[in-house]
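My questions all concern the structure below.
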Amino acid sequence: MSQNPTKHTKVLIIGSGPAGYTAAVYAARAMLNPILIYGVEPGGQLTTTTDVENYPGFSEVIQGPWLMDQMKDQAKAVGTEMIEDHIGSVNLKSTPFEAAGDSGQKYTADSIIISTGAQARWLNLKSEQEFRGFGVSACATCDGFFFKNKEVAVVGGGNAAVEEAMFLTKFASKVKLIHRRDSLRAEKMLQKKLMENKKIEIIWDSVVEDVVGDKEPKSVKGIKIKNLKTNKIDEIKLDGLFIAIGHDPATQLFKDQLNMDKEGYLITKPDSTETSIQGVYAAGDVKDKTFRQAVTAAGMGCMAALEAEKFLSQ
């Protein structure tokens with residue numbers, strides 16, 4: 001089989017969530033003929049979210065996968081070339097930049113927009129995955145609203161877990177924070193606020209062993225937790241479980257080539273999506289651990305495309 005010749009593009013977009021698709025729309029409309037590489041699960045984290053109520057422009061509840069399909073079709077319609085491949089390596093020291101796909105295809109690009117996103121870390125329990133989107137969530141800001149006057153639990157002990165627990169008290173009648181140690185990692189100020197909140201109960205030295213619920217219709221009814229000091233297992237009745245043990249940005253590919261923080265998020269210049277290499281941009285959750293919303297990711301995708309267009313016209 002003959003090797004495919006190298007594909008060259010002015011703008012190579014790696015990743016296909018709201019950031020990648022929006023970057024593609026703007027780059028295509030700027031006549032830059034972008035290539036967008038999407039993996040086996042196009043659409044990113046939004047494809048695991050069912051009801052989306054906070055994306056501007058839709059007064060009715062929409063579905064995450066549908067929203068991603070719409071963005072994909074829009075990017076295609078304005079002239080984006082979409083390729084299913086997985087980028088295995090990049091060389092950002094060469095100009096043009098080089099990327100190699102697992103398919104054997106080689107790509108060269110005058111600019112690159114990285115929108116590879118992040119994945120929430122899960123407990124990796126079979127039951128947790130079974131009830132994902134049906135009472136088990138990794139995003140309180142996305143799903144807290146669905147638990148008005150209900151009892152929920154948050155797993156974790158860092159800033160994210162404490163912030164999620166606090167946020168959920170706006171809706172839930174009771175929030176249990178479950179942490180495997182006997183002290184939290186979160187900032188002291190946050191901890192103080194947490195302790196003062198009457199709706200929150202902290203369960204120390206404990207891990208979730210199992211999620212319990214109904215199969216038809218799918219809904220969470222409770223969890224089994226194990227105390228790590230006594231090995232005693234308790235069942236707690238509740239309606240929702242939020243996992244807040246962190247996210248992993250998909251940045252392995254760029255290690256030792258681009259500046260990242262200690263958690264692996266790409267660092268960009270202030271008020272810009274430009275990374276430590278000129279002509280390489282990062283948009284969405286791959287660089288944003290603060291907001292992590294579809295609308296902010298889309299906004300950054302737009303910024304990246306406009307910055308790439310400016311860079312290419314120099």
Side-chain angles (χ1 to χ4, degrees), residues 15-18 39-52 63-65 68 86 116-144 146-147 151-165 167-168 172 175-181 184-186 202-203 205-215 218-228 233-236 238-252 262-265 284-286 288-294 297:
S16 63
V40 285
E41 290 172 3
Q45 291 181 80
L46 259 196
T47 53
T48 63
T49 310
T50 46
D51 293 357
V52 176
Q63 300 300 302
M68 289 300 89
H86 178 265
T116 45
Q119 287 94 30
R121 287 191 206 126
W122 295 93
L123 303 171
N124 292 324
L125 304 170
K126 190 171 168 288
S127 55
E128 163 203 56
Q129 295 304 317
E130 207 177 304
F131 288 105
R132 236 170 103 173
F134 297 93
V136 175
S137 168
C139 179
T141 35
C142 316
D143 301 324
F146 302 115
F147 295 91
E151 298 200 3
V152 300
V154 177
V155 182
N159 282 356
V162 172
E163 279 166 3
E164 302 246 304
F167 177 80
L168 287 164
V175 179
K176 292 177 163 68
L177 182 67
I178 300 164
H179 186 42
R180 56 170 43 239
R181 296 184 188 85
L184 299 170
R185 295 189 313 278
I202 304 176
I203 301 174
D205 302 310
S206 297
V207 292
V208 176
E209 289 274 286
D210 205 11
V211 181
V212 185
D214 291 342
K215 298 270 188 276
K218 243 190 216 185
S219 63
V220 170
K221 289 287 176 268
I223 53 172
K224 287 183 180 160
I225 59 167
K226 177 166 127 178
N227 184 304
L228 295 174
I233 292 186
D234 282 310
E235 190 164 325
I236 303 173
L238 42 80
D239 306 290
L241 180 66
F242 289 84
I243 315 296
I245 53 175
H247 283 72
D248 294 312
T251 52
Q252 276 304 110
K262 59 182 192 303
E263 292 168 78
Y265 288 88
D285 286 16
V286 74
D288 165 32
K289 55 181 165 188
T290 312
F291 303 107
R292 291 206 182 98
Q293 298 301 303

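Start at 1 with the first residue, then count along the sequence. Only a predicted model underlies this, so the values are computations on that prediction, with no experimental measurement involved.
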- [ ] Scan residues 154-164 for pairs that pass side-chain hydrogen bond (donor to acceptor under 3.5 Å, both in side chains), counting only residues two or more places apart or in two chains.
- [x]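 Of all non-adjacent pairs touching residues 154-164, those that pass side-chain hydrogen bond (donor to acceptor under 3.5 Å, both in side chains) are N159-E187.
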Task: Point-to-point distance, once rounded to the nearest 0.5 Å, from CD1 of I233 to CD1 of I225 - done: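 Answer for the CD1-CD1 pair, I233 versus I225, is 10.0 Å.
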TODO: State plainly whether the residues R121 and D248 are in salt-bridge range, i.e. N to O under 4.0 Å.
DONE: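 Salt bridge between R121 and D248, a charged N being under 4.0 Å from a carboxylate O: yes.
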Open item on the list: So which atom in V40 and which in P42 form the shortest heavy-atom distance, rounded to 0.1 Å?
Closed with: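 Here V40 and P42 meet closest at O-CD, 3.3 Å.
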- [ ] Grab the two heavy atoms, one from P249 and one from A118, that are nearest each other, plus how far apart they are.
- [x]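 Taking P249 first and A118 second, the nearest heavy atoms are CA-CB, 3.7 Å.
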Open item on the list: Using 0.5 Å steps for rounding, measure from the CZ atom of F147 to the CG atom of D239.
Closed with: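 Here the interatomic distance stands at 7.5 Å.
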TODO: Calculate, to the nearest 0.5 Å, the distance between atoms NZ and OG belonging to K224 and S206 respectively.
DONE: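 So the gap between those two atoms works out to 15.5 Å.
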- [ ] Enter the distance from L241:CG to I178:CD1 here, rounded to the nearest 0.5 Å.
- [x]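 Those atoms lie 6.5 Å apart.
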Task: Nearest non-hydrogen partners of V155 and A161, listed with the distance - done: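 Heavy-atom minimum between the residues: O-CB, 4.3 Å.
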Task: Rounded distance (nearest 0.5 Å) linking atom NZ of K226 with atom CG of D234 - done: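 Going from NZ on K226 over to CG on D234, the span is 12.5 Å.
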Open item on the list: If we check side chain to side chain contact (heavy atoms under 4.5 Å, CB included) with L238, which of these qualifies: V152, V211, V220?
Closed with: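 When V152, V211, V220 are each tested with L238, the side chain to side chain contact (heavy atoms under 4.5 Å, CB included) holds only for V220.
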Task: Flag side-chain contact, heavy atom, 4.5 Å: V212 against S127 - done: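 V212 vs S127: side chains apart.
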TODO: Report the residues that fulfil ring pair (Phe, Tyr, Trp, His ring centres under 6.0 Å) with F146, sequence neighbours left out, ordered by chain and then residue number.
DONE: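 So F146 forms no ring pair (Phe, Tyr, Trp, His ring centres under 6.0 Å) with any residue.
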TODO: Could you check if a side-chain atom of V154 sits within less than 4.5 angstrom of a side-chain atom of V162, using non-hydrogen atoms only?
DONE: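 No. Closest side-chain heavy atoms not under 4.5 Å.
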- [ ] Answer yes or no: is there a side-chain heavy-atom contact under 4.5 Å between F242 and D143?
- [x]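 Sidechains of D143 and F242: in contact.
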- [ ] For residues R292 and D285, report the shortest heavy-atom separation together with the two atoms involved.
- [x]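 Closest heavy-atom pair between R292 and D285: CA-OD1, 3.5 Å.
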Open item on the list: Regarding E130 and K218, does a basic nitrogen lie under 4.0 Å from an acidic carboxylate oxygen?
Closed with: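 Answer for the salt bridge query: no.
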TODO: Evaluate the criterion side chain to side chain contact (heavy atoms under 4.5 Å, CB included) for residue pair H179 and L184; output intermediate values, then yes/no.
DONE: CA-CA 8 Å; H179 186 42; L184 299 170; 3.9 Å; yes
TODO: With the side chain counted from C-beta on, respond yes when Q63 and V52 share a heavy-atom pair under 4.5 Å apart, and no when they do not.
DONE: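 No, their side chains stay 4.5 Å or more apart.
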Open item on the list: Just so I know, are the side chains of D205 and R180 near enough to count as touching, which here means a heavy-atom distance under 4.5 Å?
Closed with: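 Sidechains of R180 and D205: no contact.
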Open item on the list: Is the shortest side-chain heavy-atom distance between E263 and K289 below 4.5 Å?
Closed with: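 Sidechains of K289 and E263: in contact.
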Open item on the list: Could you check whether D214 pairs with K221 (Lys NZ or Arg NE/NH1/NH2 to Asp/Glu carboxylate O, under 4.0 Å)?
Closed with: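 So D214 pairs with K221 through a salt bridge.
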Task: Residue pair V208 / L125: nearest heavy atoms and the distance that separates them - done: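 Here V208 and L125 meet closest at O-CD1, 3.7 Å.
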Task: Distance-minimising heavy-atom pair for V286 and A250 - done: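 Looking at all heavy atoms of both residues, the shortest contact is CG2-O, 4.1 Å.
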